[in-house]
*Asks:* 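The structure under discussion is supplied below as structure tokens; questions concerning it will follow.
Only this structure's heavy atoms are used, side chains among them; waters, hydrogens and symmetry mates stay out. Residues: numbered from 1 along the sequence shown.
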Amino acid sequence: MRFFLITCAIVALTPLTLQAVTFVDVTDAAGIRFQHASGTRSSLLPEDMGSGTAFADIDNDGDLDLYIVNIPGPLTQETSVDNKTNVLYRNNGDGTFTDITDTAGVGDDGYGMGCVFADYDGDGNLDLYVTNYGANVLYHNNGDGTFRDVTETAGVGCELWSTGAAFADVDSDTDLDLYVCNYVTYDLEKLEQLQAESLQSGKPVPSALNPHVFEPQDNVFYRNNGDGTFTEATAELGIAAPGGRSMQCLFSDFDKDNDLDLYVANDTSVNYVYRNEGDGTFTDVSTESWAADFRGSMGLTAGDYDDDGDIDLFMSHWVDEENTLYRNLLKEDPSSQSIRFVDESYSAMLAEVSLKHIGWGTALFDYDNDGDLDIFVTNGSTFQELKNPEVLIPQADTLYRNNGDGTFTDVSERTDITALPARVGRGATFGDYDNDGDVDIFVVNNHAPPTLLRNEGGNRNGWLHIELVGTDGNRNAIGAKIQLKTADRTQIREVYAGESYMSSNSFVVEFGVGNATMIETLQVTWLNGETQVLHNISRNQQVRVKQEPRE
């Protein structure tokens with residue numbers, strides 16, 4: 001489904017009721033036969049951390065394909081041909097998927113953590129970066145349904161314990177740079193020294209499962225050289241996030257000065273906020289941002305949940321460390337262009353309800369197309385069952401509806417989220433895989449099958465989906481802003497490559513427009529500051545906006 005500003009027949013819709021939207025588990029019907037991990041877990045930390053996933057159109061046929069990261073099995077066992085690899089599913093366009101891992105050549109059998117898609121070389125095809133407990137892998141998309149491993153040539157094979165990653169043009173040279181989060185130094189040779197137990201949240205756990213016991217690793221920044229290679233330049237930019245135990249990062253223009261700032265979410269460590277100075281350098285503004293969260297940050301997402309024109313943050317956290325909603329304060333003092341947030345978790349009714357969950361993959365997205373951003377969190381414990389320590393404790397996922405007044409309501413039960421079997425959720429990706437106008441969810445469950453949640457009824461409200469096509473090296477228009485105006489509201493979105501938890505989402509930007517029958521104005525602000533404006537667009541379609549070349 002690819003067309004540009006073609007008017008569709010519009011059917012008048014009544015306001016969408018909460019009961020009208022449900023999520024249905026269609027994993028089996030869609031032909032997804034993935035199983036996370038093989039064998040029995042052996043109570044070692046890397047086994048419990050993953051894995052991530054991503055929706056992306058890898059073959060440019062107009063629908064979203066699916067990549068899932070896997071771990072080969074127990075960390076103490078030697079890998080074999082029978083162990084699990086990562087998997088790529090091609091979308092057949094009829095609600096089903098076909099496993100094309102072998103023909104595509106992306107079945108990495110490393111100890112998988114996360115993944116992110118982006119067209120790093122600007123050839124019009126989405127490439128793939130995979131993070132591992134061990135050497136990472138960069139796959140170049142050949143444009144014919146196959147990929148090739150270019151890690152060594154590109155120079156991005158970080159051999160630490162990498163987790164989340166993100167692509168962005170941080171130096172405004174039109175090509176995409178790469179930031180890689182790293183976790184802790186986990187030396188298997190020293191595990192015999194870690195047989196004792198330590199406390200987490202007042203509960204005894206094996207020291208081998210406690211990240212506090214291990215030294216954190218610095219993150220890594222790779223500058224794109226524009227010729228298919230990268231140069232490691234972390235120290236030069238000063239964005240290593242030392243001591244971080246990082247889980248996920250995200251690039252966003254928090255201060256609206258048209259360059260991309262960086263937020264790094266860390267586990268049991270202070271989070272980092274780096275302001276982009278626009279000259280290729282960054283400044284650590286973590287403390288003055290009021291968002292240097294010292295909790296077990298897991299998942300990370302961003303969006304303008306309060307419709308005030310600036311980008312806010314949401315993070316999923318560990319048990320007894322409530323999930324956090326940070327409201328951006330730029331509107332209160334726009335002339336300062338400082339980066340500052342305020343924690344609205346309790347006033348938004350999101351904190352107390354999350355205290356007993358351990359949250360991971362997450363997104364700010366409009367599940368019911370009413371025009372404001374809701375929140376999904378996939379949950380799963382890191383604690384073992386007392387009588388069966390080989391098994392982690394499952395938890396139900398949660399969906400919070402934005403009430404439009406700064407508060408959220410837990411609608412997990414009424415949308416049938418809680419009717420699904422509780423599992424040990426980890427990564428999650430979001431996108432409209434069936435092209436019906438509402439956003440679907442795919443969740444990776446640790447040591448279990450995944451869950452594909454098809455959105456049923458979100459498209460009863462109006463919608464507009466937008467695909468941006470940039471020029472030069474940033475074909476995905478990462479970092480671009482989209483402002484959409486209807487008769488009763490204004491919404492903004494940014495394009496990201498890397499968010500949630502060790503995952504990435506569709507590059508198609510989804511807007512819900514409620515009962516509006518016409519989009520009055522659609523404005524795209526590209527990363528170079530130039531804008532394009534379209535007027536009077538009918539709802540319920542997907543449009544493609546191509547960046548106009550500079551004269």
*Asks:* Are Asn445 and His36 linked by a side-chain donor-acceptor pair shorter than 3.5 Å?
*Replies:* no

*Asks:* Sub-3.5 Å donor-acceptor pair from the side chain of Gln217 to the main-chain atoms of Trp161, do we have one?
*Replies:* yes

*Asks:* Under 3.5 Å, is there a donor-acceptor pair linking the side chains of Asn70 and Ser51?
*Replies:* no

*Asks:* Any chance you could measure Asp438, atom CG, to Asn459, atom CG, to the nearest 0.5 Å?
*Replies:*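 If I round to the nearest 0.5 Å, the distance is 4.5 Å.
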
*Asks:* Are side-chain N/O atoms of Asn266 and Ser297 paired as donor and acceptor at under 3.5 Å?
*Replies:* no

*Asks:* Is it the case that the side chains of Glu322 and Ser354 hold a donor-acceptor pair, with the cut-off being a distance below 3.5 Å and no angle test?
*Replies:* no

*Asks:* Atom NE2 in His447, atom CZ in Arg41: separation rounded to 0.5 Å?
*Replies:*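 Going from the NE2 atom of His447 to the CZ atom of Arg41 covers 7.0 Å.
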
*Asks:* Is there a donor in the side chain of Asn125 and an acceptor in the side chain of Asn60, or the other way round, less than 3.5 Å apart?
*Replies:* yes

*Asks:* Less than 4.5 Å apart, side chain to side chain, heavy atoms only: is that true for Val469 and Arg475?
*Replies:*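 Result yes, sub-4.5 Å side-chain heavy-atom pair found.
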
*Asks:* If you take the centroid of each ring, where Trp contributes its six-membered ring, are Tyr183 and Phe214 closer together than 6.0 Å?
*Replies:*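 Aromatic pair excluded; centres sit 6.0 Å or further apart.
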
*Asks:* What verdict does the side-chain hydrogen bond (donor to acceptor under 3.5 Å, both in side chains) test give for Gln395 and Ser381, after you've listed the backbone C-alpha separation in whole Å, the side-chain angles of each residue and the deciding distance to 0.1 Å?
*Replies:* CA-CA 7 Å; Gln395 294 181 328; Ser381 186; 4.8 Å; no

*Asks:* Does any part of the side chain of Val353, heavy atoms only, come nearer than 4.5 Å to the side chain of Leu355, both counted from C-beta?
*Replies:*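 In short, these two side chains do not touch, never coming nearer than 4.5 Å.
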
*Asks:* Provide the closest heavy-atom pair for Gly52 versus Cys115 in the form atom of the first, atom of the second, distance.
*Replies:*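 Reported closest heavy-atom pair: C-SG, 4.3 Å.
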
*Asks:* Among side-chain atoms of Tyr326 and Asp293, is any donor-acceptor pair under 3.5 angstrom?
*Replies:*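 Short answer, yes.
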
*Asks:* Would you please say whether a donor-acceptor pair under 3.5 Å links the side chains of Thr409 and Arg401?
*Replies:*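 The criterion, which ignores hydrogens and geometry beyond distance, is not satisfied for Arg401 and Thr409.
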
*Asks:* Would you say the side chains of Asn86 and Tyr67 form a donor-acceptor pair under 3.5 Å?
*Replies:* yes

*Asks:* Using distance alone, with no hydrogens and no angle criterion, decide if Asp108 and Asn132 have a side-chain donor and acceptor under 3.5 Å apart.
*Replies:*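 Distance-only check passes for Asp108 and Asn132.
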
*Asks:* Within the 3.5 Å criterion, strictly below it, is a donor on Tyr139 or Asp149 matched to an acceptor on the partner's side chain?
*Replies:* no

*Asks:* Consider only side-chain N and O atoms of Glu47 and Ser42, and report whether a donor and an acceptor are under 3.5 Å apart.
*Replies:* yes

*Asks:* Is the distance between the ring centroids of Trp318 and Phe383 under 6.0 Å?
*Replies:* yes

*Asks:* For Thr378 and Asp397, test the side chains for any donor-to-acceptor distance below 3.5 angstrom and give the result as yes or no.
*Replies:* yes

*Asks:* What closest approach, in Å, do Asp119 and Leu176 show between heavy atoms, and which atom pair accounts for it?
*Replies:*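 Heavy atoms of Asp119 and Leu176 come nearest at O-CD1, 3.7 Å.
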
*Asks:* Taking atom types as modelled, is there a side-chain donor on Tyr129 or Asn136 under 3.5 Å from an acceptor on the other?
*Replies:* yes

*Asks:* Could you walk me through whether Asp169 and Asp177 pass the side chain to side chain contact (heavy atoms under 4.5 Å, CB included) check?
*Replies:* CA-CA 5 Å; Asp169 178 11; Asp177 311 298; 4.0 Å; yes

*Asks:* In terms of ring plane angle, is the pair Phe408 and Tyr305 parallel, tilted or perpendicular, where the classes change at 30° and 60°?
*Replies:* tilted

*Asks:* Is a donor from one side chain sitting under 3.5 angstrom from an acceptor on the other, for Glu499 and Thr301?
*Replies:*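 Short answer, yes.
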
*Asks:* What's the spacing between Tyr367 OH and Asn369 CG if we round to 0.5 Å?
*Replies:* 10.5 Å

*Asks:* Report the distance from atom OG1 of Thr362 to atom CZ of Phe376, rounding to the nearest 0.5 Å.
*Replies:*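 Thr362 OG1 to Phe376 CZ: 8.5 Å, rounded to 0.5 Å.
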
*Asks:* We want to know whether Ser246 and Asn219 form a side-chain donor-acceptor pair, criterion being a heavy-atom distance below 3.5 angstrom.
*Replies:* yes

*Asks:* For the residue pair Ile417 and Thr398, what are the closest heavy atoms and their distance?
*Replies:* CG2-N, 4.4 Å

*Asks:* Would you call the rings of Phe230 and Phe167 parallel, tilted or perpendicular if under 30° counts as parallel and over 60° as perpendicular?
*Replies:* tilted

*Asks:* Which atoms form the tightest heavy-atom contact between Pro389 and Lys387, and what is the distance?
*Replies:* CD-C, 3.8 Å

*Asks:* Does Asn455 reach the side chain of Val21, with side-chain heavy atoms less than 4.5 Å apart?
*Replies:* yes

*Asks:* Under a plain distance cut-off of 3.5 Å, with no hydrogens placed, do Thr382 and Asp48 share a side-chain donor-acceptor pair?
*Replies:* no

*Asks:* Establish, from distance only, whether the side-chain atoms of Thr451 and Asp25 form a donor-acceptor pair under 3.5 Å.
*Replies:* no

*Asks:* If I take atom CG from residue Leu66 and atom OG1 from residue Thr429, how far apart are they, to the nearest 0.5 angstrom?
*Replies:*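 If we round to the nearest 0.5 Å, Leu66:CG and Thr429:OG1 are 7.5 Å apart.
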
*Asks:* Side chains of His317 and Thr324: is there a donor and an acceptor less than 3.5 Å apart?
*Replies:* yes

*Asks:* Got a second to check how far Ser503's OG is from Met113's CE, nearest 0.5 Å?
*Replies:* 12.5 Å

*Asks:* Ring-plane angle category for Trp360 and Tyr501, please: parallel below 30°, perpendicular beyond 60°, tilted otherwise.
*Replies:*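 Rings of Trp360 and Tyr501: perpendicular, over 60°.
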
*Asks:* Would you call the rings of Tyr179 and Phe221 parallel, tilted or perpendicular if under 30° counts as parallel and over 60° as perpendicular?
*Replies:*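 Tilted: the ring planes of Tyr179 and Phe221 meet at 30° to 60°.
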
